[in-house]
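What follows is a single structure, written as C-alpha cells, with notes after it.
Throughout, a chain's letter reflects where its sequence line sits, starting with A, and its residues are numbered from 1. The model shown is predicted, which means the values in this text are computed figures rather than measured ones.
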There are 4 protein chains.
Amino acid sequence: MNSFGTLFKVTLYGESHQDAIGIVIDGVKPGLKINWDDVEGDLAKRRPGAVGTTPRVEKDKLEVTSGIFNEYTTGSPLHIMIRNENVISKDYSHLKSQPRPGHADFVASMKYQGFHDYRGGGRFSGRLTAPLVVAGSIAKQMLPFEFSHELIQVGSLTDMSQLDTYLREVHNQGESVGGIVEVRVKNMIVGLGEPMFEKLDAKIGQMMFSIPAVKGVEIGTGFSGATLYGSEFNDVYEDETGKTLTNHSGGVSGGISNGNDLVVKVFVKPTSSIGKAQSSFNLESKQKQSFEIGGRHDTAIVRRVGIVLENALAIVLADLYLWSKIYK
Amino acid sequence: MNSFGTLFKVTLYGESHQDAIGIVIDGVKPGLKINWDDVEGDLAKRRPGAVGTTPRVEKDKLEVTSGIFNEYTTGSPLHIMIRNENVISKDYSHLKSQPRPGHADFVASMKYQGFHDYRGGGRFSGRLTAPLVVAGSIAKQMLPFEFSHELIQVGSLTDMSQLDTYLREVHNQGESVGGIVEVRVKNMIVGLGEPMFEKLDAKIGQMMFSIPAVKGVEIGTGFSGATLYGSEFNDVYEDETGKTLTNHSGGVSGGISNGNDLVVKVFVKPTSSIGKAQSSFNLESKQKQSFEIGGRHDTAIVRRVGIVLENALAIVLADLYLWSKIYK
Amino acid sequence: MNSFGTLFKVTLYGESHQDAIGIVIDGVKPGLKINWDDVEGDLAKRRPGAVGTTPRVEKDKLEVTSGIFNEYTTGSPLHIMIRNENVISKDYSHLKSQPRPGHADFVASMKYQGFHDYRGGGRFSGRLTAPLVVAGSIAKQMLPFEFSHELIQVGSLTDMSQLDTYLREVHNQGESVGGIVEVRVKNMIVGLGEPMFEKLDAKIGQMMFSIPAVKGVEIGTGFSGATLYGSEFNDVYEDETGKTLTNHSGGVSGGISNGNDLVVKVFVKPTSSIGKAQSSFNLESKQKQSFEIGGRHDTAIVRRVGIVLENALAIVLADLYLWSKIYK
Amino acid sequence: MNSFGTLFKVTLYGESHQDAIGIVIDGVKPGLKINWDDVEGDLAKRRPGAVGTTPRVEKDKLEVTSGIFNEYTTGSPLHIMIRNENVISKDYSHLKSQPRPGHADFVASMKYQGFHDYRGGGRFSGRLTAPLVVAGSIAKQMLPFEFSHELIQVGSLTDMSQLDTYLREVHNQGESVGGIVEVRVKNMIVGLGEPMFEKLDAKIGQMMFSIPAVKGVEIGTGFSGATLYGSEFNDVYEDETGKTLTNHSGGVSGGISNGNDLVVKVFVKPTSSIGKAQSSFNLESKQKQSFEIGGRHDTAIVRRVGIVLENALAIVLADLYLWSKIYK
C-alpha cells in the first residue's frame with residue numbers, strides 16, 4: 001500500500017496536518033556518502049515561490065534519524081522525517097459536509113468511514129510528495145544516469161517564456177490550469193525492466209499515477225503517435241549499441257530500457273482548488289450549493305511537480321537497476 | 001516479475017514458439033461456477049480474423065488442470081494452459097543478427113545474453129496476452145461491474161465504419177497503424193484503490209503498460225484536458241452517491257474509485273512488423289542494411305487488443321475489490 | 001499465497017487428484033544448461049519404494065513447457081508440469097462427513113465452504129512437494145554450495161541401521177511415526193539474508209513450515225541448547241574467514257549466513273493416516289464414531305521428506321544468493 | 001526486507017545508537033481508538049528491571065506522528081517513533097577488529113563492507129523489538145483473540161519460582177542463559193492461513209526467526225513428538241467446532257488455524273554478551289585473543305522476550321485475519 005519497489009523500496013507515511021510526514025528507504029547501498037546539498041536543491045525546486053504556486057512555504061527541514069553512520073550509509077534503512085510546520089489550524093470541518101470537486105474528500109470519507117483526516121487533503125495532499133523527492137534524490141546518487149525535466153505545456157500555453165504573465169492572468173480569473181511535463185533520463189543503459197509485470201514502463205506507470213493530480217502517462221511519442229504509420233514510428237537501429245535516430249519508443253522496447261533517452265510525458269490535471277465559487281452537492285444540506293475554497297493553493301501545481309516526477313522516476317530506476325545486477 | 005496482484009494474483013508463463021503458454025490464478029473465490037462460454041467468447045474477440053489482423057489463427061484450447069472440482073472453483077489456484085499449435089517452424093535465426101525495429105529483439109538479446117527464445121518474439125509476443133484474457137474473463141465473473149471497450153481511433157481514422165476499407169489500404173501499402181482504445185467500467189462502487197502505491201490508477205498504469213505495444217495511458221479526459229481550466233475540469237457532485245455530470249476524472253479521485261464510470265484510454269503503437277522493407281543495423285554485417293519481415297502479422301494489432309485491455313483491467317479491479325472487503 | 005521468493009520465485013499449483021500439479025519458476029538465470037538427470041535423481045529420492053513408504057508410485061514425468069531454448073534456459077519463467085497419474089478414483093466422499101484427525105480435511109471444509117477438493121488431501125497433499133523438489137534441484141544448480149540431508153531420528157529410533165526393521169514393526173501395529181531430519185549446506189559464503197524480515201533463518205522458517213507435516217524448525221543446536229551457558233553456546237571465531245569450531249548457531253548470525261555449515265533441523269510429525277481404527281467426530285452423524293482410513297499411505301513420511309526439505313532450502317538460498325549480488 | 005505482512009504490514013527502521021527507531025504500520029482499520037495504556041503496558045513488560053535483565057533502561061516514549069485524528073485511526077499508516085535516549089557514547093570501535101562470538105558483528109562487517117553501525121549491535125540490537133511490541137499491541141486491539149505467553153524453561157531451570165535466585169547465580173559466574181517461551185492464543189477461529197506459502201505456521205516461522213536470538217520454533221508439541229505414534233499424536237475431533245482434547249498440532253492443521261489454542265514454542269539462545277572473558281579471533285592482530293565485553297547486558301534476554309514474541313505473533317494474526325475477510 002504505502003511501499004513501492006522491491007530492492008530499492010520506499011515506504012511513505014504522513015498526512016498534511018499531522019505532526020510529520022516521512023519515508024523509510026530500504027536498499028540504499030552501504031557506503032554511500034549522500035550529497036545533502038543536492039537533496040536540498042531538489043526540495044527547493046518543489047517548494048513554492050514562483051508565480052502560480054501556493055504561498056504555503058515550509059522549510060522542509062529533514063531529520064535523518066537512521067541509516068547513516070560517520071557520514072556514510074550503513075546498509076540499514078534510512079528514515080527521513082519532515083515536521084509539518086506552518087500548519088494553519090483553521091477550521092476544516094466544513095469539508096465533511098462539502099466535498100470539494102476534484103479532491104479526494106468524498107471518496108476518502110466513504111472509504112475510511114468518516115475517520116480520515118480531512119485537513120488540507122490529509123494523506124492525499126501533495127505534501128506527501130516531499131519525502132518522495134528526498135528518496136528520489138538519493139536514488140539519483142546511486143545511479144549513473146542523468147535526469148532532467150521540463151514543462152512542455154501549461155494550460156493552453158506552450159511557450160514557457162510567457163509563463164509568469166499567463167499564470168497571473170489565470171490566477172486573477174480565480175482559475176487554475178494543468179499541464180504536461182516531460183521527464184528525460186540520459187546515459188541510460190540497456191536492460192532495465194523485468195517482464196512481464198515489472199517492466200520498466202509498467203513500473204513507471206504505477207509510480208507516476210501514484211502521484212496526486214497525474215491523469216495521463218506516455219512513454220516517448222505517446223498518443224500523438226496514433227496517426228503515424230509503422231514505418232514512421234519504428235525507431236531504426238544505427239549501431240551495435242542500439243542507438244536510434246528517432247525515439248518514438250521513448251527508450252523502452254518490450255518493457256526494457258534500450259539505451260536511448262528514457263522519455264516520459266505526464267499530464268497533470270488543473271489544480272482542483274480554485275479561487276472562484278463552485279456549486280457542488282452538500283452532504284448536510286442534501287442539495288447542490290455554491291461555495292468557495294479559501295486558503296492557500298497553487299494556480300498551477302504542474303509548475304512544481306516536475307522535480308517530483310523526475311525523482312519518482314529515479315526511484316523506479318534505482319529498483320530496476322539493482323535488479324539488473326543479480327546475474328552478474 | 002511474472003506475477004501481478006496481491007489477493008487476486010496471476011502468474012504468467014510461456015513463449016510464443018515453445019510448447020505452451022499459461023497462467024496460474026490465485027485468489028479465485030471458492031464456489032464460483034465459471035461460465036466457460038464467456039471465457040471462450042472473450043478469447044474469440046482477441047482471435048484474429050477481421051481485416052487487419054494476422055492470419056495466424058490458434059484454437060486456444062484451454063486445459064484447466066487444477067482448481068475446479070465438481071464444476072466449482074475450490075479455492076486453490078487455477079492453472080490454465082494453452083498449447084502453442086500452428087507454430088510454423090520457419091527459420092528465425094536471422095533475428096539474432098538483425099534485430100527488428102520496434103521489437104524487443106535487441107534488448108532481449110542484450111539482457112538475456114543471447115539465450116532468449118527469439119522465435120516469434122518469444123516471451124514478448126502478443127500471444128502471452130491470451131492467458132491474460134482468460135484470467136480477466138474469470139475476474140469479471142467475480143465482480144458486480146459491467147465492462148466494455150471500444151476503438152476510438154485507428155491510425156488517422158476516427159470513424160470506425162470505414163475501418164475495413166482503411167486497413168486494407170494500409171496493408172496494401174505494406175504499412176501498419178496503431179490507435180486508441182477506450183475501456184469503460186459501469187456500475188462501479190466507491191472505494192477501490194489503496195493509497196499511496198496501490199491506487200486504482202497506479203495499478204491500472206502498471207497493468208496497461210505491461211501489455212505489449214501500449215505506450216500511453218489516460219484516466220478520463222487525459223492529455224487533452226491540459227487546455228481546460230480548473231472550473232471546467234472539476235467534476236461537480238450531483239448527489240450523495242458521488243454522481244457527477246462530467247467525468248474528466250474518469251471515475252478516479254485521489255487514486256480511489258468514485259463510483260462514476262471508470263474510463264481508461266490506452267494508446268497502442270503501430271504494429272512493429274510491417275510489410276515493406278526497412279533498413280536497420282545488422283549485428284553481423286556491422287552496418288545498416290535493408291531487410292523485410294516475412295511471416296504473418298497484424299496490420300493493426302489495436303483491433304484485437306481491446307479485449308486484452310478490458311480483461312487486464314478486470315484483473316486489477318478483482319484484486320482491489322477483494323482488498324476493499326478486509327474491514328467488513 | 002502460492003508464490004515464494006522475490007528474485008528466485010516459485011509459484012505452485014495443483015491438487016492431488018486433479019489433472020496435474022506444477023510450478024512456475026521465475027528468476028532462473030539465462031544460459032543455464034539444466035542437468036535433468038540430477039533433477040530426476042532428486043525426484044527419485046522423494047519417490048516411495050522403501051519400507052515405510054506408500055505404494056502409490058507415480059512416474060513423475062516432467063513436462064517442461066516453457067523457458068528452455070536450444071537446451072539452455074532463456075531467462076523467461078520455467079513452467080514444469082507433472083500429470084497426476086495412478087489416481088485411483090475411489091470414493092472419497094465420506095471425508096466430507098468424517099474429517100480425519102491430523103489432516104486438513106476439517107479446516108479446508110470450513111475455510112473453502114465445502115468446495116475444496118478433498119480427494120487424497122487435495123492441495124494439502126504431500127504430492128505438491130514434487131514440483132518443489134524439481135525447483136529446488138534447479139536452484140542447487142545455480143548455487144556454488146553443497147547440499148545434503150540425513151535422518152537423525154525416526155519415532156524413538158536414532159540408529160538408522162535398524163530402520164527397515166523398525167518401520168515394519170510400526171506398520172504391523174497399524175501405526176505411523178514421525179522424526180527429525182537434518183539438512184546441511186557446506187561451502188557456504190558469508191552474507192546471505194536480508195534483515196529484518198528476509199533474514200536467512202526467517203525465510204527458512206517460512207519455507208519449512210510451508211511443507212506439509214513440518215511442526216518444528218531449528219537452526220543449529222536448537223532447543224537442546226537451552227541448557228547451555230552463553231560461554232558454551234557462543235561459537236568462537238578461529239580466523240578471518242569467520243570459521244568456528246563449534247556451530248551452535250547453525251551457520252546463521254543475526255539472520256545472515258556466517259560462512260560455516262548451514263544446519264537446519266526439522267521435525268516432521270507422525271503420518272496422520274494410520275492403519276488402525278480411530279474414533280473422531282462425524283459431521284453427519286453428529287457424534288464421535290470409529291472409522292478406518294483405507295488407501296495407500298506412508299508409515300513414516302519422514303523417510304521421504306528429506307529431499308523435499310533439502311531442495312526447499314535450496315530455493316530459499318537461491319533467492320537470497322541473487323539478492324546478495326545487487327551491490328556488486 | 002524491513003517490511004512484514006501484506007494487509008497488516010509493518011516497516012521497521014532504526015539502529016541501537018542512532019537518533020531513533022520506529023515503525024510504520026499499514027492496514028490499521030479506520031476508526032480504531034487505540035488503548036495506549038495497553039501499549040505502554042506491553043512495552044513495560046519488555047523493559048528491563050527484573051533480575052537477569054540489563055540495566056539500560058529507556059523510557060520508550062512514543063511519538064505518534066501520523067495516522068490518528070481526533071483520537072481515532074484514520075486508515076492512513078501509523079508512524080510511531082522512539083528516540084534513542086540513555087545512549088552511552090562509549091568507544092565501540094574495538095568491535096571493528098574484535099567481532100564478538102554469537103553477535104552479528106562479523107557478518108555485518110562483511111555484508112555491509114565495514115559501513116555498518118556497530119555501536120550496541122546497530123540494527124541487530126534487541127532494541128529494534130520495541131517498535132515491534134508497539135505494533136503487536138495495536139494488532140491485538142484489532143483482533144478478537146486472547147494472547148498470553150509464559151517462560152517454560154530458563155537455562156536448565158523449569159521451575160520458574162526459583163528464577164531470581166538462579167539468574168543471580170548465573171550472573172555471578174559471568175555467564176548467560178537462554179530458554180524456551182510458550183506463546184498461546186485462545187479464542188481462535190478456524191480458517192487463518194493462506195496455503196501454500198502464507199500458511200499460518202509458515203508466517204509464524206518467518207516472524208519468529210526474524211527476532212534476534214531465536215533459534216528454534218515449534219507449533220504445538222514439536223520435536224518431543226518424534227517419539228509418539230500417529231494414533232497418539234493425532235488430535236481427535238470432539239464436536240463440530242473442531243475442538244480436540246489433545247493439541248499436539250498446536251492449533252494449526254494444514255497451515256490453517258483449526259480453532260483450538262494456537263501454541264507456539266520458541267527457543268531463545270543464551271545471551272551472546274557474557275561477563276567472563278572469551279577468546280576469539282581478532283581481525284587486527286590476526287590471532288585469537290582474550291577479551292571481555294563490557295557494558296550493560298542481559299543475563300537472560302529470554303526473560304524479556306516473551307512479550308516480543310507474543311506481540312510479533314499478533315502481527316502475523318492481524319495480517320491473516322484481514323485476509324480471511326476477503327470473500328465475505
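Classification of the D/Tyr13-A/His79 ring pair by plane angle, with boundaries at 30° and 60°, yields parallel.
Across A/Gly14, A/Gly22, A/Pro30, the residue that shares the most heavy-atom pairs under 4.5 angstrom with chain D is A/Pro30. Ranking D/Gly114, D/Gly75, D/Gly122, D/Gly27 against chain A, the residue ahead of the rest is D/Gly75, based on heavy-atom pairs under 4.5 Å.
Judged by distance alone, with hydrogens and angles left aside, the side-chain atoms of D/Gln113 form no donor-acceptor pair with the main-chain N or O of A/Gly31 at under 3.5 Å. Between the side chain of A/Asp26 and the main chain of D/Met1, no donor-acceptor pair closer than 3.5 Å is present.
From D/Thr73, atom OG1 reaches atom CZ of A/Phe115 across 7.5 Å, with rounding to the nearest 0.5 Å.
Using modelled atom types and a 3.5 Å distance limit, the side chains of D/Glu15 and A/Ser76 yield a donor-acceptor pair.
Paired with A/Asp19 under the rule side chain to side chain contact (heavy atoms under 4.5 Å, CB included), one option of D/Thr65, D/Val64, D/Ile68 passes, and it is D/Thr65.
Dense packing is recorded around NZ of A/Lys325, with more than 12 heavy atoms of other residues, nucleotides or ligands lying under 6.0 Å away. Counted within 6.0 Å of OH on A/Tyr327, heavy atoms from surrounding residues, nucleotides or ligands total more than 12; the atom is thus considered enclosed.
When heavy atoms are compared at a cutoff of 4.5 Å, D/Leu12 approaches chain A solely by way of its backbone atoms N, CA, C and O. With a threshold of 4.5 angstrom between heavy atoms, D/Leu7 approaches chain A through N, CA, C or O but not through any side-chain atom.
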Kindly indicate, with the supporting measurements, whether the criterion side-chain contact (heavy atoms from CB on, under 4.5 Å) is fulfilled by D/Val24 and A/Asn2.
CA-CA 9 Å; D/Val24 181; A/Asn2 287 287; 5.7 Å; no
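Smallest separation of non-hydrogen atoms from A/Phe69 and D/Gln18: CB-NE2, 4.1 Å. Considering all non-hydrogen atoms of both residues, A/Ala20 and D/Ser66 come closest at O-OG, 3.2 Å.
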